[in-house]
Structures are given as C-alpha cells and as structure tokens.
Amino acid sequence: MATQGSGRQPKYQRIADKLREAIQAGEYGPGDRLPGENDLMATYEVARMTARQALGVLQNEGLAESRKGAGVFVRTFKPLRRRGIQRLSRDQWGSGRSIWSADIGDRALVVDQVQVTEEAAPDRINQVLSIEAGASACVRSRRFVLDDKPVLLSTSYLPADLVTGSAITQEDTGPGGTYARLAELGYKPVHFREEIRSRMPSQEEASRLQLSMGTPVIMICRTAFADEGRPVEVNEMILDANAYVLEYDFDA
C-alpha cells in the first residue's frame, strides 16, 4: 500500500491530469461540457469530494469554468495579451486611439460601472502624487468587460487642481483618453512606472469580476509622470489572472 511519502499523486490530481490531457488533445473543445461529478465518481470509483476537487483543479488553472446549474465547461474565453510597453506609447494615445486598442484587436470591449468623483485620496496616493493630506483628487473608477467577460477593475487618481473643468472629470474623456487630455492641459506623460503583484481577490472584487472560486488577481499600479518627473496620475488596476497574459517586448 502506497504511503503519503511515496510520491504518488492524490486521486483528484490524477483525474484532473487526465481531463487536462483530453482538453489539450481536443477531445473537449471550447464550450464543451466536461464529465460531471457523478460521471467521474462512476468512471474512477471515487467519492464525490474527490471528483469535485478534480474539476476544481481545472477551474483554478483557468481551463474550465463552472456554470450554475449546468456543470463545468471548457473555458471559451481567449486570454488577453496585455502589451505593457506598446500600449503606453505616445503614438497610441497621442493619435487619439485608446491604449486598449494595442491589446484587443477587433474584440468587443465595454467600459461600465463608471464613476467620476472629487474626494480625498488615500494617504498612499497622496504620497505618490505629492498631494497634501485632505486635498481633493479626481477619482475615476470603472470596469472593463471584454467579449462579455469582466477582466479588469481600474481606479485612477489625479490631482483635482490639475484637471478641474477638463474632460477628465467627465465619464467619457474623449479620443486618446486621459493621457491625451493631460497633454492638452500641458502635462503630457513622458514616463510610466508599473508595479505588479498577485494575491487573492476581496469578496467585492470577485463579485465584480465574476471570478471562479480560487482564482487569483493581478494588481498593477501605474504612475504617469510629466516633465521634470511630476507625477500626474496613479492608476490602481485589478486583473482577473486567468484572463491575461502580460507581455513585455523590448530591445536589449
């Protein structure tokens, strides 16, 4: 009898491996329903919990998704390749194009849950933007939905005295977005810094991004700088980790 230290994989992992191989071999295509818990219990003579864990492995890996009352299906969503350098090029937003157009091609993008307010920013934002404690910031919050799948939550902070009266304070910032409007105000972004971390989502984030249980998120905090190193925007983004490939393509 094999012991725990014998190196054998747990039963649920072996079942998940077989299902993964079947997906990769094309036996189950995008949108196909995978064998359910009862099917796996009968085929592999395992308990329901083992079958459930096996399907959970594939969901956590982003290969499958659960549909309430219908079962577990091979994921149909094609991960978004986020081109971290090209998308922020001045040629992109400076010509009136959205920075998203560098990533999505002809895929359908919808921006919803848009809120624009003027309020005191958190201390961490004040420190980056050199805003005095208690001073107001323009706060832009929105959700990005690609091919009917929520993929990103974004909250931008800009010094209120910098953008008051501009289109940046409106829901629709116009062609080229916030960066094009900053350029018109005399604060053209000339440098960007992005910091990337990963963690599990909060309950609110999981709900807004419609995440399967166990799916982590990627946090990207981007700071935009104008001339002389002046920070003009901090954008805190929460990404569905299963929905993204982060690509950084640059010369040596």
- Message: Could you walk me through whether R75 and L63 satisfy the side-chain contact (heavy atoms from CB on, under 4.5 Å) test, starting with their C-alpha distance in whole Å, then the side-chain angles of each, then the deciding distance to 0.1 Å, before giving a yes or no?
- Response: CA-CA 5 Å; R75 192 179 178 102; L63 290 175; 5.9 Å; no
- Check step by step if side-chain contact (heavy atoms from CB on, under 4.5 Å) holds for N60 and N242. CA-CA 8 Å; N60 291 341; N242 279 340; over 6 Å; no
- Message: One pair to check against side-chain contact (heavy atoms from CB on, under 4.5 Å): R222 and R193. What are the steps and the verdict?
- Response: CA-CA 6 Å; R222 179 171 68 233; R193 179 181 66 219; over 6 Å; no
- Stepwise side-chain contact (heavy atoms from CB on, under 4.5 Å) test for L80 and W100: CA-CA 10 Å; L80 173 63; W100 279 78; 3.6 Å; yes
- Message: Determine whether K149 and D240 satisfy the following criterion, salt bridge (charged side-chain N to carboxylate O under 4.0 Å, His left out), listing intermediate values before the conclusion.
- Response: CA-CA 10 Å; K149 168 74 175 75; D240 173 357; 2.8 Å; yes
- Item | Chi angles and distances behind the ring pair (Phe, Tyr, Trp, His ring centres under 6.0 Å) call for Y179, F192 | CA-CA 11 Å; Y179 297 144; F192 296 96; 5.1 Å; yes
- Message: Could you walk me through whether R14 and D17 satisfy the salt bridge (charged side-chain N to carboxylate O under 4.0 Å, His left out) test, starting with their C-alpha distance in whole Å, then the side-chain angles of each, then the deciding distance to 0.1 Å, before giving a yes or no?
- Response: CA-CA 5 Å; R14 296 202 298 274; D17 289 347; over 6 Å; no
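Without hydrogens or angle criteria, D172 side chain to G174 main chain gives a donor-acceptor distance under 3.5 Å. No donor-acceptor pair closer than 3.5 Å links the side chain of Q127 to the backbone N or O of R124. Between the R140 side chain and the E171 main chain, a donor and an acceptor come within less than 3.5 Å of each other. For the pair D32 (side chain) and G29 (backbone), a donor-acceptor distance under 3.5 Å is present. Between the side chain of R181 and the backbone N or O of T173, at least one donor-acceptor pair lies under 3.5 Å. T50 contributes no side-chain N or O that, together with a main-chain N or O of V46, makes up a donor-acceptor pair within less than 3.5 Å.
Using a 4.5 Å heavy-atom cutoff, the side chains of I218 and I196 are in contact. Between I15 and K18, every side-chain heavy-atom pair lies at or beyond the 4.5 Å cut-off. Within the 4.5 Å cutoff, the side chain of L109 has no heavy atoms near those of the V145 side chain. Between R20 and L58 the shortest side-chain heavy-atom distance falls below 4.5 Å. Put simply, the side chain of S156 reaches to within 4.5 Å of the side chain of R142, judged on heavy atoms. Side-chain atoms of S154 and F144, non-hydrogen and from C-beta on, do get closer than 4.5 Å to each other. Side chains of T223 and E194 form no contact here, defined as non-hydrogen atoms less than 4.5 Å apart.
Summarising the hydrophobic clusters (Ile, Leu, Val, Met, Phe, Trp, Tyr; side-chain heavy atoms under 4.5 Å, direct or chained), the residues clustered with L211 are L153, L209, V217, M219, I238. Summarising the hydrophobic clusters (Ile, Leu, Val, Met, Phe, Trp, Tyr; side-chain heavy atoms under 4.5 Å, direct or chained), the residues clustered with M41 are none.
Q53 contributes atom CD, which lies 12.0 Å from atom CG of L40 (distance to the nearest 0.5 angstrom). With values rounded to the nearest 0.5 angstrom, S166 atom OG is found 7.5 Å from L182 atom CG. Considering OG of S136 and CD of E118, their distance stands at 4.5 Å, rounded to 0.5 Å. The distance from atom CD of E21 to atom CD of E27, rounded to the nearest 0.5 Å, is 9.5 Å. Rounded to the nearest 0.5 angstrom, Y157 OH and S141 OG are separated by 8.0 Å. Atom OG of S130 sits about 12.0 Å away from atom CD1 of I125, to the nearest 0.5 Å.
Counting non-hydrogen atoms of neighbouring residues, nucleotides and ligands closer than 6.0 angstrom, the CG atom of D112 exceeds 12 such neighbours. Annotation for F250: atom CZ does not count as buried by contact number, only 12 or fewer foreign heavy atoms lying within 6.0 Å. The environment of CE in M49 is sparse: at most 12 heavy-atom neighbours from other residues, nucleotides or ligands sit within 6.0 Å. The number of heavy atoms from other shown groups lying within 6.0 Å of CD (Q24) is above 12.
Both I168 and Y187 are members of a single hydrophobic cluster when ILVMFWY side chains are connected at heavy-atom separations under 4.5 Å. Under the 4.5 Å side-chain contact rule for hydrophobic residues, V57 and L19 do not share a cluster. V245 and M237 end up in different hydrophobic clusters when Ile, Leu, Val, Met, Phe, Trp and Tyr side chains are linked at under 4.5 Å. When hydrophobic clusters are built by joining Ile, Leu, Val, Met, Phe, Trp and Tyr residues whose side-chain heavy atoms come closer than 4.5 Å, directly or via intermediates, V190 is not grouped with I85. V128 is not connected to L162 by any chain of hydrophobic side-chain contacts under 4.5 Å among Ile, Leu, Val, Met, Phe, Trp and Tyr, and they are in different clusters.
A160 and T164 make their closest contact through O-OG1, 2.6 Å (heavy atoms, listed as atom of the first residue, atom of the second, distance). The minimum heavy-atom distance linking P216 with P201 is given by the pair CA-CD, 4.2 Å. Summarising the geometry of T169 relative to V116, their closest heavy-atom pair is O-CG1, 3.3 Å, with the distance given to 0.1 Å. Between G36 and L55 the shortest heavy-atom distance is C-CD1, 4.4 Å. The two residues Y28 and P35 come nearest to each other via the heavy atoms OH-CG, 3.3 Å. Listed here is the closest heavy atom pair of L129 and E233: CD2-N, 3.7 Å.
Exactly one residue among R87, R81, R82 makes a side chain to side chain donor-acceptor pair (under 3.5 Å) with D103. That residue is R87. Partner T155 forms a side-chain contact (heavy atoms from CB on, under 4.5 Å) with one of N235, V139, V234 and no other, that one being V139. Checked options D161, N126, D123; the residue passing with I131 is N126 (criterion: side-chain contact (heavy atoms from CB on, under 4.5 Å)).
The closest side-chain donor-acceptor pair between E119 and T117 falls under 3.5 angstrom. If you check the side chains of R208 and Q113, you find a donor sitting under 3.5 Å from an acceptor.
Listed by first and then second residue, the side chain to side chain donor-acceptor pair (under 3.5 Å) pairs involving residues 33-49 are E37-R48, E37-R52, N38-R48 (not counting sequence neighbours).
Aromatic ring pairs are classed by plane angle as parallel below 30°, tilted from 30° to 60° and perpendicular above 60°; the pair F225 and H191 is tilted.
Both cation-pi conditions hold for R67 and F73: the charged atom is under 6.0 angstrom from the six-membered ring centre and inside a 45 degree cone around its axis.
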